[in-house]
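The shown structure was predicted, so the numbers you read here are calculated from the model rather than taken from an experiment. Numbered from 1 within each chain, the chains take letters A, B, ... in sequence-line order.
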There are 2 protein chains.
Amino acid sequence: MTVIFSKKCELALQAVLFLSVKKEKKIFNAIEISEELKVPKEFVSKMLQILTDSGIVGSKKGKNGGFYLAKKPSTIKLIDIVEAIDGLDVFQSCVLGFPGCSVSEPCPVHEKWGKLRDDALKMLSEETLEQLKEKTLNKILDL
Amino acid sequence: MTVIFSKKCELALQAVLFLSVKKEKKIFNAIEISEELKVPKEFVSKMLQILTDSGIVGSKKGKNGGFYLAKKPSTIKLIDIVEAIDGLDVFQSCVLGFPGCSVSEPCPVHEKWGKLRDDALKMLSEETLEQLKEKTLNKILDL
DNA sequence: TCATAATCAGATATATTTTTCTGTTAAAAT
DNA sequence: ATTTTAACAGAAAAATATATCTGATTATGA
């Protein structure tokens, strides 16, 4: 079970964080990333292809090809990746699954969850990859 | 897509909330509950059977049978239902899906998510069904 | 006691998500 | 030019989660 993001999204976030602590424009192929993150390379490919489509990641085919951040880390936020993969529905939907949960027809935890949801959104959209870099280095080795 | 709980869990929470605003020990069969919550009756049955096993809900077979809260609303919290259906892993796992995310090896959002996760746990464990009753009535009709 | 109505247990089916595969295309190096 | 390497696209397979069905059991009321 995932927490709030799909497995796809989790992997995408991890892969982008990985790229963000490397020298800018340095290229890594799917195998290298998959080994670092310990996930199948086909899955890495798939996700990074989606992020390539959405312009966050760039790619280069052929020998010495691979993936790299297409934008500066100072312009990318975690929420961008979430939006590209899972979309932003989580930040709209009722946590108890009630249909039509709203201010006028709130579920029993509507208000409290609203606060939490906003904080979660903040967590993902306040800091850029650049600002997260140091923390990211605690988790991902800068090889 | 669910927010953080599985569909099963969402339904279980809804069903228990439904029962909590009814007269104590009043019995409802799966069909009645399914009509109120607009979900298939087999699904309601399945979930309430699990909650019956875990002692939150009681059941009575045969004619005029059905389901009812096995405990007083003042002793049941939403977290009890979550625990019975999804378990409490969500409140342990890394939101970015990193393996071995911990204080000594935190992911980039470890601390912030920790706070949010604790608040979420609070949201589900501070108030009893009794205390939520009024809010629940805003969402579920007291037929 | 019999017919009926309901839960219950377990199997099955369906849907969704995740993962892998197959072949194609593009780029680079030899 | 040719070979090699890697992304890319889309299909297929596997795994997981969700939903449905079947038959058995149990309780009630007539």
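- Cluster membership for A/Phe28 and A/Ile31, using ILVMFWY side-chain heavy atoms within less than 4.5 angstrom, is not shared.
- An OP1 or OP2 oxygen of D/dT28 is reached within less than 4.0 angstrom by a side-chain nitrogen or oxygen of B/Lys60.
- The environment of CD in B/Glu111 is sparse: at most 12 heavy-atom neighbours from other residues, nucleotides or ligands sit within 6.0 Å.
- In summary, A/Lys22 and A/Glu36 do not engage in a salt bridge, as defined by a charged side-chain N under 4.0 Å from a carboxylate O.
- B/Lys7 has its NZ atom 17 Å from the C1' atom of D/dT20, to the nearest Å.
- Side chain of A/Asn64, nearest nucleotide from D/dT28, C/dA28, C/dT7: C/dA28.
- Nearest nucleotide to the A/Phe43 side chain, out of C/dT18, C/dT7, C/dA11: C/dT18.
- With rounding to whole Å, A/Ile50 atom CD1 is found 12 Å from D/dA9 atom C1'.
- For CD of B/Glu83, the number of neighbouring non-hydrogen atoms (other residues, nucleotides, ligands) closer than 6.0 Å is 12 at most.
- Proximity of a side-chain donor or acceptor of A/Glu32 to a complementary backbone N or O of A/Asn29 within less than 3.5 Å is detected.
- Taking every side-chain heavy atom of B/Pro40 into account, D/dA19 is the closest of D/dA6, C/dC8, D/dA19.
- Comparing D/dC21, C/dT19, D/dA7 by their closest approach to the side chain of A/Phe67 singles out D/dA7.
- Around NZ of B/Lys8, the count of heavy atoms belonging to other residues, nucleotides or ligands within 6.0 Å does not exceed 12.
- Annotation: proximity of residues 82-100 of chain B to DNA chain D (heavy atom, distance under 4.0 Å) is found for no residue.
- Nearest to the side chain of B/Lys61, among C/dA9, D/dA27, C/dA26, sits D/dA27.
- When side chains are defined from C-beta on, A/Val95 does not count as touching A/Leu116, because their heavy atoms never get closer than 4.5 Å.
- Among the nucleotides D/dA9, C/dC8, C/dA5, the one closest to the side chain of B/Lys63 is C/dA5.
- Between A/Lys41 atom NZ and C/dT20 atom C1' the separation is 9 Å, expressed in whole Å.
- Nearest to the side-chain atoms of A/Lys46 among the listed nucleotides D/dA9, C/dA5, C/dT18 stands D/dA9.
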